[in-house]
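Right, one structure below, let's go through it.
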Amino acid sequence: MTHVERQQWDVVVVGAGGAGLRAAIEAREQGLRTAVICKSLFGKAHTVMAEGGIAASMGNVNSGDNWQVHFRDTMRGGKFLNHWRMAELHAKEAPDRVWELETWGALFDRTKDGKISQRNFGGHEYPRLAHVGDRTGLELIRTLQQKIVSLQQEDFKETGDYEAKLKVFQEVTVTRVLKDDSGKVSGVFCYERESGRFCVIEAPSVVLATGGIGKSFKVTSNSWEYTGDGHALALLAGASLINMEFVQFHPTGMVWPPSVKGILVTESVRGDGGVLRNSEGKRFMFDYIPDVFKEKYAQTEEEGDRWYKDPDNNRRPPELLPRDEVARAINSEVKAGRGSPHGGVFLDVSTRMPAEEIKRRLPSMHHQFKELADVDITAEAMEVGPTCHYVMGGVDVEPDTAAAVGVPGLFAAGEVAGGMHGSNRLGGNSLSDLLVFGRRAGLHAAKYAAELGDSRPVVNEDEIATASAEALRPFSAEPSDEDGARPPENPYTIHQELQQAMNDLVGIIRREPEMNEALQRLGELRGRARRAGVEGHRQFNPGWHLAIDLRNMLLVSECVARAARERTESRGGHTRDDFPGMDRDWRKSNLVCRLSDPSGGLAATDPERGQIRLEKREMPPIRPDLLDLFEKDELVKYLTDEELTAE
Ligand code: FAD
């Protein structure tokens with residue numbers, strides 16, 4: 001059998017973005033030996049790309065802000081499909097998590113009186129995003145890494161070994177979560193990307209913090225790492241995913257030149273006064289304010305403009321509607337032939353602020369456009385269009401503990417977890433989510449491992465052999481035709497075809513026949529992916545890595561397509577051309593995705609039926625004291641008559 005290295009730890013955290021690092025810090029602070037595994041270099045997670053800021057109701061810029069207002073905004077943004085308990089915990093705990101970062105050395109931008117500055121963002125009633133220019137994620141990761149180093153220094157003083165209690169395994173990919181015979185988590189199977197060596201890390205608690213799924217779509221703001229690994233690992237371990245039909249298309253990605261299509265243009269540009277115009281020069285967002293938001297947004301350009309100076313006496317401009325609304329509006333303008341030359345619309349901040357202020361407030365955007373598109377945003381408009389950005393769907397977790405439902409020892413936090421953001425995430429609510437639920441996941445993973453004492457689940461040797469064979473399969477792939485004349489399938493070709501299919505058929509606007517076609521194509525691609533082959537050997541072999549990742553992307557894509565076809569309404573990030581309205585009955589339901597084959601195997605699955613089965617599940621009723629935070633007139637738009645009477 002292929003050699004597999006073994007190590008023992010108490011808690012394994014898969015992912016070193018904001019959620020993973022915060023979880024690891026917590027588990028180590030609880031006294032548990034904690035390993036962090038990440039696919040890329042330490043510090044290079046997605047979180048580092050976050051620009052706009054962290055949402056937390058500290059009330060530094062407008063004292064009217066508090067957790068209740070943040071909770072309300074989050075529920076509205078998610079169109080009341082959020083798990084209310086997660087939204088409550090998030091709104092209550094986010095300010096403490098931001099303060100904690102400062103005590104660990106983060107340096108946020110300040111207000112004139114020295115408080116942490118907070119900026120406006122779509123869907124947030126008050127300026128709420130603590131930020132560091134437009135490089136907030138970098139500061140967040142830097143601070144968490146610094147905290148990890150300081151914990152390692154403490155451990156060195158005590159044990160003479162920096163990595164005695166907290167170790168980072170970088171450029172290592174996890175391909176399976178392992179379980180013992182009773183179904184409890186027993187560790188993970190992984191490979192070193194550089195050497196190709198296999199490794200099993202035995203541990204009773206595994207925290208998934210692997211981020212998103214954007215690389216299944218052609219146009220995306222996400223980087224190469226976001227292949228839905230944690231989502232797939234959870235499914236394969238017997239957990240379920242919820243809300244997978246809700247994928248966020250950020251309204252403003254770059255559209256030109258083609259090589260940078262999809263790269264994010266932060267919402268801070270609009271938060272700081274940027275306006276959207278079509279090719280006729282019209283500020284079109286005023287035509288797209290949906291009824292549910294009519295009372296909260298300015299109806300004229302003059303009022304919208306006044307709001308920047310006097311937010312207490314004016315309503316916010318519709319450029320700051322939640323992302324799903326703005327993305328759909330841009331899509332409609334382009335379709336109606338009023339787009340910019342390269343198929344987007346214009347976003348202009350140059351008329352709002354002096355050049356020096358733009359450079360100070362939006363340094364990365366200034367640099368990005370100058371370097372990549374030769375556009376000077378202090379003097380001209382940017383061309384922007386929707387880009388796949390974030391997945392609201394994810395692992396079905398217990399809100400308080402972040403434990404994955406149904407799999408003892410498995411936890412999930414950050415973008416890989418579902419529930420918190422409902423049908424649409426508000427900007428800034430991800431960084432706070434990472435910290436709030438990363439901490440909770442680390443805490444409960446540590447408690448669970450500690451409570452097991454010496455009776456730890458034992459790794460099943462057959463599972464290791466299966467995981468090892470699965471990882472090696474691309475080296476002995478079958479020919480791609482029956483006669484054996486053609487070489488195995490090329491993983492890059494399959495990936496491109498998958499991205500194209502998801503973009504075209506399960507993208508921003510969805511229709512049943514197209515989703516049927518998508519599922520059909522996914523079935524074919526799944527068959528071909530099983531014959532995806534690579535040449536060479538295991539030492540750094542990107543084709544092999546991609547061949548392994550295809551399994552995950554195909555699984556999550558099927559979840560997205562099946563759930564999107566099933567939900568016959570439009571809500572948040574899920575827009576059905578054939579069911580344009582929001583249906584109050586659907587608000588009560590989550591679509592739960594599970595693997596069709598409960599043993600966690602993939603080979604036995606019928607290619608026609610696919611690998612995923614869906615279940616509809618009732619959402620828990622919203623606690624009455626939380627419902628009391630809303631006006632009845634507003635609740636009527638979301639809740640069924642039954643729910644309203646029960647209240
Ligand atoms: P990530 O930061 O995505 O980290 C995932 C980790 O998992 C990585 O370390 C990766 O290597 C590892 N990993 C993945 N698969 C495996 C595997 N199989 N084995 C081992 N390791 C694995 N949100 C906000 O709130 N505010 C913002 O201003 C903001 N700006 C953004 C700007 C951009 C350009 C983008 C793309 C996103 C932005 N977001 C923002 C969203 C936010 O950054 C992400 O949702 C968030 O960072 C996800 O964090 P995470 O900890 O869940 O995962």
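Residue numbers start at 1 and run along the sequence shown. We count ligands from 1, going down the list as the structure has it; atoms in each ligand are counted the same way. The shown structure was predicted, so the numbers you read here are calculated from the model rather than taken from an experiment.
- Only the backbone of Ala209 comes within 4.0 Å of ligand 1, counting heavy atoms alone; no side-chain atom from C-beta on gets that close.
- A salt bridge links Asp272 and Arg361; the closest N-O separation between the charged side-chain nitrogens and carboxylate oxygens is under 4.0 Å.
- Of the possible polar contacts, none joining the Asn222 side chain to the Lys215 backbone as a donor-acceptor pair under 3.5 Å is found.
- Contact check for Glu463 versus Lys179: side-chain heavy atoms found under the 4.5 Å cut-off.
- Judged by distance alone, the side chain of His421 and the main-chain N or O of Asp433 form no donor-acceptor pair under 3.5 Å.
- Summary of contacts: the protein heavy atom closest to atom 1 (P) of ligand 1 is His46 CB, 3.4 Å.
- At a heavy-atom cutoff of 4.0 Å, ligand 1 is contacted by no atom of Lys44, backbone or side chain.
- Here the side chain of Asn82 pairs a donor or acceptor atom with the backbone of Thr74 at under 3.5 angstrom.
- Below 3.5 Å of separation, one finds an N or O of Ala16 facing an N or O of ligand 1.
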Start with the C-alpha distance between Phe108 and Gln118, add both sets of side-chain angles, then the distance that settles side-chain contact (heavy atoms from CB on, under 4.5 Å), and finish with yes or no.
CA-CA 9 Å; Phe108 289 98; Gln118 300 189 267; over 6 Å; no

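- Shown here are the ring-ring contact (aromatic ring centres under 6.0 Å, His included) partners of His83, two or more places apart in sequence or in another chain: there are none.
- For Glu267, the closest heavy-atom approach to ligand 1 does not fall below 4.0 Å.
- Looking at Val172 against ligand 1, only its backbone comes within 4.0 Å, counting heavy atoms.
- Glu26 and Arg440 are not joined by a salt bridge, as no carboxylate oxygen comes within less than 4.0 angstrom of a charged side-chain nitrogen.
- Using a 4.5 Å heavy-atom threshold, the side chains of Val132 and Leu138 count as separate.
- When hydrogens are left out, the protein atom nearest atom 53 (O) of ligand 1 is Gly211 CA, 3.4 Å; that is the closest non-hydrogen contact.
- The main-chain N or O of Thr175 is found under 3.5 Å from a side-chain atom of Arg551 such that the two form a donor-acceptor pair.
- Put simply, the side chain of Arg270 gets close to the backbone of Glu319: a donor and an acceptor are under 3.5 Å apart.
- Compare Gly52, Gly394, Gly438 by their heavy atoms: the one nearest to atom 28 (O) of ligand 1 is in Gly52.
- When the heavy atoms of Glu171, Met49, Arg176, Arg425 are ranked by distance to atom 41 (C) of ligand 1, first place goes to Arg425.
- Counting only heavy atoms of the protein, atom 17 (C) of ligand 1 lies nearest to Asp229 OD2, 3.6 Å.
- For atom 43 (O) of ligand 1, the closest heavy atom belonging to the protein is Ala50 CB, 3.6 Å.
- In terms of polar-atom proximity, Gly53 is counted as a contact of ligand 1, with an N or O under 3.5 Å from an N or O of the ligand.
- A salt bridge does not link Arg316 to Glu125: none of the charged side-chain nitrogens sits closer than 4.0 Å to a carboxylate oxygen.
- With ligand atoms numbered from 1 in the order given, ligand 1 contributes 52 (O) to contacts under 4.0 Å with heavy atoms of Gly414.
- Protein heavy atom closest to atom 7 (O) of ligand 1, with residue, atom name and distance, is Gly15 CA, 3.1 Å.
- One option in Arg22, Glu415, Glu225 has a heavy atom closer to atom 10 (C) of ligand 1 than any other, and that option is Glu225.
- Residue Tyr226 has at least one nitrogen or oxygen atom sitting less than 3.5 Å from a nitrogen or oxygen atom of ligand 1, judged on distance alone.
- From the protein, the heavy atom lying nearest to atom 37 (C) of ligand 1 is His389 CE1, 3.3 Å.
- The residue from Gly17, Ser430, Gly43 that puts a heavy atom closest to atom 46 (C) of ligand 1 is Ser430.
- Where the criterion is an N or O separation shorter than 3.5 Å, residue side chain and backbone included, Asn222 fails it with respect to ligand 1.
- Looking at Val174 against ligand 1, both its backbone and its side chain come within 4.0 Å, counting heavy atoms.
- Taking atom 50 (P) of ligand 1 as the reference point, the nearest protein heavy-atom neighbour is Leu434 CD2, 3.6 Å.
- The distance criterion of under 3.5 Å between nitrogen or oxygen atoms is not met by Val14 with respect to ligand 1.
- The closest side-chain heavy-atom distance from Gln368 to Met254 is below 4.5 Å.
- Not a single heavy atom of Thr227 lies less than 4.0 angstrom from ligand 1.
- Of the listed residues (Thr47, Asn552, Leu431, Leu435), the one carrying the non-hydrogen atom nearest atom 24 (C) of ligand 1 is Leu431.
- For a threshold of 3.5 Å applied to N or O pairs, the pair formed by Ala19 and ligand 1 contains at least one separation below that value.
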Distance-only check: which donor-acceptor pairs under 3.5 Å involve side-chain atoms of residues 43-57, not counting sequence neighbours?
| unit_1 | atom_1 | unit_2 | atom_2 | d |
| --- | --- | --- | --- | --- |
| Thr47 | OG1 | Gly18 | N | 2.9 |
| Glu51 | OE1 | Thr266 | N | 3.4 |
| Ser57 | OG | Trp67 | N | 3.3 |

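- Contact atoms of ligand 1 toward Ser40: 11 (O) (distance under 4.0 Å to a heavy atom of the residue).
- The closest heavy-atom contact to atom 14 (C) of ligand 1, among the options Ile263, Thr210, Val36, comes from Thr210.
- Geometric assessment of Arg425 against the ring of Phe246 yields a negative cation-pi assignment under the 6.0 Å and 45° thresholds.
- Side-chain atoms of Ser205 never come within 3.5 Å of backbone atoms of Val11 as a donor-acceptor pair (strictly under, hydrogens ignored).
- For the pair Val69 and Arg72, the minimum side-chain heavy-atom distance is below 4.5 Å.
- The shell of residues lying under 4.0 angstrom from ligand 1, judged by heavy atoms, excludes Thr136.
- Summary of contacts: the protein heavy atom closest to atom 16 (C) of ligand 1 is Lys39 CD, 3.6 Å.
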